[in-house]
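All ligand and atom numbering here is 1-based and tracks the order in the structure. For the numbers below, each heavy atom of this structure counts, side chains included, while hydrogens, waters and symmetry mates do not.
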Amino acid sequence: MKLRVLIVLVSCVLSVITGLVLARGGSATEKSEDDTVVIGLSLDTLKEARWQTDRDLFVKRAGELGAKVLVQSANSDDARQVSDVEKLITNQVDVLVVVPHDGTAMAKAVRMAHDAGVPVIAYDRIIRDSDLDLYVSFDNVRVGRMQAQYLVDHLPTPGKGRIIRIYGSKTDNNAKLFKQGQDEVLEPYIKRGDIEVIFEDWAEDWKQENAKKIVNAAITKYQDNFDAILASNDGTAGGAIQALLEEGYAGKKLVTGQDAELVACQRIVQGTQSMTIYKPLKTLATKGAELAVKLAKGQPVVATQTVNNGKIDVPAALNDVITVTRENIDKTVIADGFHSREDVYRGTAAK
Ligand code: GAL
C-alpha cells in the first residue's frame with residue numbers, strides 16, 4: 001500500500017516542477033511551429049523617412065516568416081515609449097524590437113520585458129546599461145569616419161579648412177558613435193591647425209529646424225568664412241542647406257549627410273549636398289525580423305560581434321555602409337532599388 005501511495009505522490013510533485021520550469025522560460029520555449037509569433041516593434045519616431053522604410057521592410061519580412069508585428073511610435077517622447085513597451089508586453093508579444101529615443105531611458109523597458117520573460121533586440125540604436133539580448137545595426141563609428149574622410153579629401157584645399165559641425169541628438173547613442181568616428185579622422189588635422197572647427201553643436205531630436213538654427217548662428221558670427229559643414233545625417237544637412245540657401249551660399253559649401261534620403265539624393269545630383277552615407281535598410285530590417293523570429297521561438301541566434309552598452313558586451317550584428325556621391329549614386333542607391341532614377345533626377349537634367 002505504502003509504496004503505491006509514494007509513487008503517486010512523487011509523480012504529482014514531478015509534473016508540478018515541470019510545469020513551473022516551462023512557464024519561467026517565457027513564451028519562447030513554448031512556441032511550436034504553428035503558433036504565430038508576435039513581435040512588438042517600438043519606434044522612437046516615424047518623422048524621418050528612414051524609419052517609415054525600416055518599419056515597412058521589417059513588417060514585410062516578418063510577414064514572410066509567418067510573424068505578426070505590433071508597431072508603436074513614441075514621437076520622441078521617453079515616457080510615451082516606456083508605456084508603448086508596457087502596452088506591447090500586455091499584448092503578450094513574444095519578442096520586443098526597440099529603436100530607443102533615449103538609449104539610457106529605455107534600460108527600464110528591458111527590465112520590464114525580462115520580468116515578463118520577453119527578450120529584447122535593440123534596432124539601429126543601442127539600449128545602454130541593461131541586459132540587452134541582441135543589437136542589430138550598422139557600423140556607426142565607421143559612418144562617422146567615412147563622413148569626415150570625405151570632407152577632408154574634398155575641402156577646397158584638401159586637408160585644410162574652417163568647418164562647422166552638426167552632431168545628432170544627445171539622447172541617441174549613435175550620435176556619439178558618429179562623432180567618435182569623425183573625431184578619429186579629424187583629430188590629426190585639428191592638432192596641426194590645418195582644420196579649424198569654428199562652430200559646433202548638437203541638433204536636439206535630430207530636428208532639421210534645430211540644425212538650421214546652428215548654421216544660422218554660425219553665419220551670423222562668421223558670414224561665409226568657412227569651407228564645409230560636417231552634418232551627421234541628411235535631416236540635419238537639410239536644415240543646414242536651408243540656412244545656406246537663405247544667404248546664397250548653397251552649392252558653394254561642402255555638406256555631408258547620412259541615410260540616403262530621397263531629398264538628399266536629389267540635393268546631391270543638384271549639387272547643394274556633397275555626399276551621404278547609404279545604409280542598406282533592407283539588410284538591417286530583414287536581419288532584424290529574422291533574428292526576432294528566432295529569439296521568439298527560442299532558436300539559437302548567431303551574432304558574430306559584440307558592442308558594450310555600459311553593462312554587458314551585447315551580441316551584435318553590424319552591417320556595412322557605403323559613401324554615396326553624384327559619381328556613384330546610380331551604381332549604389334539606384335542600382336539597389338532604394339530610390340528610382342526618375343525620382344532622384346527629378347527636376348535635374350539627367351546625366
Ligand atoms: C540615428 C540613425 C540615423 C539617423 C538618425 C535620425 O540613430 O542611425 O540613420 O536617421 O538616427 O533619426
Side-chain angles (χ1 to χ4, degrees), residues 41-58 73-78 81 97-106 121-128 132 135-147 165-182 201-212 214 230-240 255-265 267 273 275-285 287-288 307 309 314 316-324 333 338-339:
L41 180 60
S42 164
L43 299 170
D44 160 17
T45 176
L46 281 167
K47 282 238 175 74
E48 272 128 0
R50 78 147 285 185
W51 303 117
Q52 295 156 24
T53 308
D54 287 281
R55 174 205 51 201
D56 298 344
L57 292 169
F58 185 96
S73 176
N75 229 1
S76 299
D77 179 318
D78 297 326
Q81 193 164 25
V97 176
V98 181
V99 181
H101 169 251
D102 182 324
T104 306
M106 288 307 279
I121 300 178
Y123 183 97
D124 194 80
R125 299 171 179 173
I126 208 161
I127 299 174
R128 298 197 53 81
L132 192 56
Y135 176 43
V136 286
S137 188
F138 295 96
D139 184 341
N140 296 305
V141 177
R142 186 164 143 71
V143 168
R145 286 196 209 106
M146 290 160 80
Q147 291 171 320
R165 296 183 70 179
I166 308 174
Y167 310 119
S169 168
K170 274 192 178 156
T171 62
D172 177 1
N173 190 67
N174 281 353
K176 294 166 187 154
L177 299 176
F178 304 143
K179 181 179 184 302
Q180 180 192 329
Q182 294 166 2
D201 204 348
W202 300 78
E204 197 186 328
D205 285 344
W206 289 98
K207 286 203 173 118
Q208 192 146 334
E209 59 265 33
N210 294 335
K212 181 175 180 294
I214 294 169
L230 185 53
S232 292
N233 80 336
D234 290 339
T236 51
V255 180
T256 64
Q258 172 188 180
D259 291 330
E261 287 181 359
L262 179 56
V263 282
C265 292
R267 289 193 295 254
Q273 185 168 329
M275 60 83 76
T276 187
I277 300 284
Y278 172 43
K279 311 203 293 187
L281 298 182
K282 190 155 186 225
T283 313
L284 183 68
K287 199 172 274 181
V307 174
N309 72 348
V314 182
L318 304 181
N319 301 290
D320 206 1
V321 295
I322 303 160
T323 295
V324 171
V333 171
F338 194 63
H339 300 306

Element-labelled atoms of ligand 1 that are located less than 4.0 Å from some non-hydrogen atom of Phe178: 8 (O)

Checking a contact table here: which protein heavy atom is nearest atom 11 (O) of ligand 1, and how many Å away? Arg125 NH2, 2.9 Å

Passes side-chain hydrogen bond (donor to acceptor under 3.5 Å, both in side chains), Asn140 versus Lys176? Steps please. CA-CA 9 Å; Asn140 296 305; Lys176 294 166 187 154; over 6 Å; no

Going by the side-chain hydrogen bond (donor to acceptor under 3.5 Å, both in side chains) test, name the single residue among Gln273, Gln208, Gln258 that passes it with Asp234. Gln273

Identify the protein heavy atom lying closest to atom 8 (O) of ligand 1, giving its residue, its atom name and the separation to 0.1 Å. Asp124 OD2, 2.7 Å

In this structure, does ligand 1 have an atom that sits under 4.0 Å from one of the heavy atoms of Trp51? yes

Establish, from distance only, whether the side-chain atoms of Gln182 and Arg145 form a donor-acceptor pair under 3.5 Å. no

Ion pair Arg125/Asp44, N-O distance below 4.0 Å: yes

Atom indices of ligand 1, in the order listed, that fall short of 4.0 Å to a heavy atom of Asn174: 1 (C), 7 (O), 8 (O)

Nearest protein heavy-atom contact for atom 5 (C) of ligand 1: which residue, which atom, what distance? Trp206 CE2, 3.5 Å

For ligand 1, find out whether one of its N or O atoms is nearer than 3.5 Å to an N or O atom of Asn140. no

Any idea which protein heavy atom is nearest atom 9 (O) of ligand 1, and the distance to it? Asp259 OD1, 2.5 Å

Who passes side-chain contact (heavy atoms from CB on, under 4.5 Å) against Gln52, sequence neighbours left out? Leu46, Arg55

Under 4.0 Å to a heavy atom of Gln258 - the qualifying atoms of ligand 1, by number: 3 (C), 9 (O)

Is it true that the side chains of Tyr167 and Asp201 contain a donor and an acceptor less than 3.5 Å apart? no

Looking only at protein heavy atoms, identify the closest one to atom 1 (C) of ligand 1 and say how far it is in Å. Asp172 OD2, 3.2 Å

Between Asp320 and Arg142, is there a side-chain N and carboxylate O pair less than 4.0 Å apart? yes

Under a 4.0 angstrom heavy-atom cut-off, which atoms of ligand 1 come close to Lys279? 2 (C), 3 (C), 8 (O), 9 (O)

For Thr256, check side chain to side chain donor-acceptor pair (under 3.5 Å) against everything at least two apart and list the hits. none

Among all protein heavy atoms, pick the one closest to atom 12 (O) of ligand 1 and tell me residue, atom and distance. Glu48 OE1, 2.6 Å

